[in-house]
Asks: 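For reference, the structure I am asking about is given below.
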Amino acid sequence: MPITLKDIAKMVGVAESTVSRAINGKPGVGKETKQKILEIAKKYDFQPNKLAQGLAKQETHILALLIPGLSKGNYSSLVENIEYIAEKDGYQIILCNTQNDLKKEKKYLNLLQEKRVDGAVILGGEIADQHIVNTVLRGHKNIVLVNRLCEEILIPTILIDASYGAYLATEYLINLGFENIGLITAAKNDEYIESEKIKGYKKALKDNMIEYNNELIIKTDGSREAGYLAFTQLVNIDINPDSFFVTSDLLTLGLIESIKMGGFFIPQDYPVVTYGDTLINSIIEPELTRVVEPLEKAGKLAAEVLINLINDDQAKEEIKVLKPTLKIGKSTKY
Amino acid sequence: MASVTFENVTKRFGEVVAANDQNIEIKDKEFLVLVGPSGCGKSTDLRMIAGLEEISEGVIKIGDKVVNDIPPKDRDIAMVFQNYALYPHMNVYDNMAFGLKLRKFPKEEIERRVQEAAEILSIEPLLERKPKQLSGGQRQRVALGRAIVREPKVFLMDEPLSNLDAKLRVQMRTELSKLHDRLKTTVIYVTHDQTEAMTMGDRIVVLKDGYVQQVDEPLELYNHPNNMFVAGFIGSPAMNFLDAKIVKEGDDYYTEGFGAFKVKIPDQLKDKVKDYVNKRVVFGIRPENLTDAEITHDLDITDENSFEAEVEVVEPMGSEIYLYLAVDEHSMIARVDAESEAKVGDKIKLGVYTQKMHVFDNETEEALF
Ligand SMILES: Nc1ncnc2c1ncn2[C@@H]1O[C@H](COP(=O)(O)OP(=O)(O)OP(=O)(O)O)[C@@H](O)[C@H]1O
Ligand SMILES: [Mg+2]
């Protein structure tokens, strides 16, 4: 039987709390008493209980936030919301820009293995690579993925279902009576998220028994120029879409410039739905109907799940899938 | 198609030696099981093969190629764990395909691979379903499918069934074995469950404290364990170990249990104990190789292959009965036919199938036979 605080207290003839204070080096214990207590503790190889060990556990109250880039995507909103929750719970954030470089990502993850941070949120980047899997397999489980998939193991994950967002956009246009919906994507290199949006688009058509026309799907590099050219391309070869769903903001900007240059009106001639509640999308005229991702919720959840993992060894590992919504503007109906 | 070879592989984590000078040859297309108690280094071995863990000393080869310095993604392996992620918003097809999509495989190739994997796993009718519309076993198969579509040379599985309930686990064992027949690839499978190892492995590696104890086919391991650890680890209920010494009378040798029992060593094994006369040994006998002399038909009970024991507990198990027995200071379990009428408190005569007995060196715990 290992010796307990109580046993030592009895032997020395003091209160348990005194023993505890002495052992933890806290003030309020007489010099002699303290020495007596420490001697006994040493002699009987006193092991502080789990709770006490937990208190003494090396914690930094710092979370690492790995992001693939500052300009890309809507990371600012995610970051802000993660920080908001973290701060409320007494954590600070360090922002690690990995620039989508696996080597950099690995280096930043080492912060976790070296216990220089308590946990990490990894934002974006498509698929969890071996260094992430291995970090978890080595017992550093305080990792939450956001919009990143993992093949081998279950890592707590927050996903935004982009495919569903595209479905909503397409379905909305269908319900307005449009059938030849031009889909302008940034899927030139089969980017996964973009292919998810194409999937949602196709499913909405299928569910409404509209056959999809491959020529209406334009895969671009996502630039403003590409958006501009997409319109002329579609109109010139006489496919004649009756409406557009555009999967990113710069593309939308270009497309709308092109429509206006052609002397057409939005939404009278061409209704347009865009994806994302971004700054660019918000300044385009007319006010755009857009797919809005629940970034605030995703950020808060990511922080909550991570803090839960840090505080509770038994925390449930889970995958949460959040659904975008549609915000109706003035670009689809008049 | 690939073999996997360990040559003097050692792995240290600081003071802990998780793998100690291991030599293992895993043949192409073999189903090899790594088994041993918690912390013996099974997962570490797998992770070294996968390239997730550096090797401290020695060489690991996949095929003829030394892979010590080859990054995980170039090793042509796929890992399967108990704790996999099925994404609830994706259907079965996408749950198997997303890895290939993210690696930019051509669409037709992805389709071919997923179809093939679905066929092998008999989940073609489920491809459109979402994970929550699947049973536990079906989900497990989807996770396997995700590994199969990568068409790896070697599958590494770390206790993939340990999350399933007992019944499903038994069923999935059979399925995994069948799957291996169809895939015709090397599978390295980790478990701490000796039954799983015995029923699934073409061969089994028994590990303890980072040391390879024995590499053998299941029956060989069962019938001819190298040492007391393997003898005790494989088989349930475990082998009985009784302190004894070797005595010689005339030309015959016996294991003698300090007055409690005396069992003659079969003639063809005499040679193996002749240096142990009057020395301490451990007598090992599996519960099923003991019998209630009253109901024994296939063994001539004599003084040289039987002894008396007192019944302490009787545990009926259907077609057989486990008898918990005391013989002086020794206690042991016998697995006897349900015909036995032994009752608690009875003194019964126990017959020993001496051809099946084992004797271990008391010091080294190595088997003499
Ligand atoms: N990253 C690590 N750092 C330090 N020690 C480790 C590390 N990984 C494993 N070990 C130690 O190496 C030994 C072998 O561990 P390993 O996980 O391989 O065992 P195992 O046989 O898989 O056990 P289990 O059945 O519990 O999964 C253990 O003592 C373990 O504590
Ligand atoms: Mg393990």
Side-chain angles (χ1 to χ4, degrees), chain A residues 102-103 106 113 124-139 141 143-145 147-167 187-196 198-200 203 206 214 316-324, chain B residues 13 18 43-44 46-48 50-54 70-75 77-91 93-107 110 128 130-132 139 142-150 152 155-158 160 163:
Chain A
L102 292 187
K103 281 207 195 93
K106 202 171 166 180
Q113 303 208 20
E126 305 209 323
I127 194 158
D129 299 274
Q130 294 298 345
H131 59 274
I132 299 180
V133 172
N134 201 27
T135 305
V136 174
L137 289 179
R138 281 177 157 220
K141 294 192 183 205
I143 293 181
V144 173
L145 304 178
N147 281 347
R148 184 150 176 171
L149 304 174
C150 181
E151 275 181 302
E152 280 107 348
I153 54 172
L154 179 56
I155 300 172
T157 304
I158 315 293
L159 292 173
I160 295 176
D161 189 352
S163 154
Y164 180 78
Y167 185 95
K188 191 176 171 193
N189 298 313
D190 289 325
E191 284 76 1
Y192 183 75
I193 286 292
E194 291 296 294
S195 73
E196 284 288 293
I198 297 174
K199 201 169 89 188
K203 184 163 190 299
K206 193 175 159 209
N214 227 346
K316 220 171 95 207
E317 297 159 340
E318 50 193 341
I319 297 170
K320 293 205 161 125
V321 181
L322 305 181
K323 290 187 163 171
Chain B
F13 294 105
S43 299
T44 303
L46 268 204
R47 296 223 296 276
M48 286 193 290
L52 296 175
E53 210 68 81
E54 275 177 23
I70 299 198
K73 64 175 172 35
D74 300 327
R75 291 196 183 192
I77 49 105
M79 306 230 269
V80 183
F81 296 94
Q82 51 156 311
N83 214 4
Y84 50 85
L86 292 191
Y87 294 101
H89 63 305
M90 296 182 190
N91 63 19
Y93 183 99
D94 288 328
N95 261 299
M96 297 206 299
F98 75 79
L100 300 179
K101 277 192 196 164
L102 286 167
R103 287 191 209 91
K104 310 270 191 264
F105 277 68
K107 196 161 178 260
I110 296 176
E128 293 295 320
K130 296 274 170 68
K132 69 165 179 281
R139 267 184 233 152
V142 177
L144 284 167
R146 200 183 274 166
I148 293 171
V149 297
R150 294 170 70 172
F155 285 91
L156 304 177
M157 306 192 181
D158 198 341
N163 262 359

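Throughout, protein chains are lettered first and strands after them, A, B, ... in sequence-line order, and every chain is numbered starting at 1. Keep in mind that the numbers below use all heavy atoms, side chains included, and drop hydrogens, waters and symmetry copies. Predicted model, so just to flag it, every value in this text is computed and none were measured.
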Asks: Is B:Asp94 paired with A:Lys199 through a side-chain N to carboxylate O contact shorter than 4.0 Å?
Replies: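 Yes.
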Asks: Within the structure provided, determine whether A:Val321 and B:Tyr87 are in side-chain contact (heavy-atom separation under 4.5 Å).
Replies: no
Asks: Enter the distance from A:Ile153:CD1 to B:Tyr84:OH here, rounded to the nearest 0.5 Å.
Replies: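 Here the interatomic distance stands at 14.0 Å.
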Asks: When heavy-atom pairs shorter than 4.5 Å are enumerated against chain A, which of B:Ala78, B:Ser43, B:Gly99, B:Gly51 gives the highest number?
Replies: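 Option with the top pair count is B:Gly99.
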Asks: I'd like to know which of B:Leu102, B:Asp158, B:Val80, B:Asn95 tops the heavy-atom pair count under 4.5 Å against chain A.
Replies: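 Ranked by heavy-atom pairs under 4.5 Å with chain A, first place is B:Leu102.
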Asks: Relative to chain B, which segment of A:Leu137 carries a heavy atom at a distance below 4.5 Å: side chain, backbone, both, or neither?
Replies: both
Asks: Measure the shortest side-chain to side-chain distance between A:Glu152 and B:Phe81 over non-hydrogen atoms and say whether it is less than 4.5 angstrom.
Replies: yes
Asks: Where do B:Ala85 and A:Cys150 come nearest, in terms of heavy atoms and distance?
Replies: CB-O, 4.4 Å
Asks: Supply the atom-to-atom distance A:Ser195 OG to B:Lys107 NZ, rounded to the nearest 0.5 angstrom.
Replies: 10.5 Å
Asks: Between A:Glu151 and B:Arg103, is there a side-chain N and carboxylate O pair less than 4.0 Å apart?
Replies: yes
Asks: Heavy-atom pairs under 4.5 Å with chain A - which of B:Ala143, B:Pro71, B:Pro72, B:Ala50 has more of them than the others?
Replies: B:Pro72
Asks: Any chance you could measure B:Leu86, atom CG, to A:Leu154, atom CG, to the nearest 0.5 Å?
Replies: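 Reported value, rounded in 0.5 Å steps: 9.0 Å.
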Asks: Taking the side chain as every heavy atom from C-beta outward, state whether A:Leu149 and B:Met90 have any atom pair closer than 4.5 Å.
Replies: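 Side chain of A:Leu149 against side chain of B:Met90, heavy atoms only: contact under 4.5 Å found.
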Asks: Hey, are the side chains of B:Lys101 and A:Tyr192 touching, using non-hydrogen atoms and a 4.5 Å cut-off?
Replies: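 With C-beta onward as the side chain, the pair touches.
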Asks: A quick test of your reading: do over 12 heavy atoms of other residues, nucleotides or ligands sit less than 6.0 Å from NZ of B:Lys104?
Replies: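 Atom NZ in B:Lys104 is packed in, count exceeds 12.
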Asks: Identify which part of A:Glu191 has an atom lying under 4.5 Å from any heavy atom of chain B, answering side chain, backbone, both or neither.
Replies: backbone
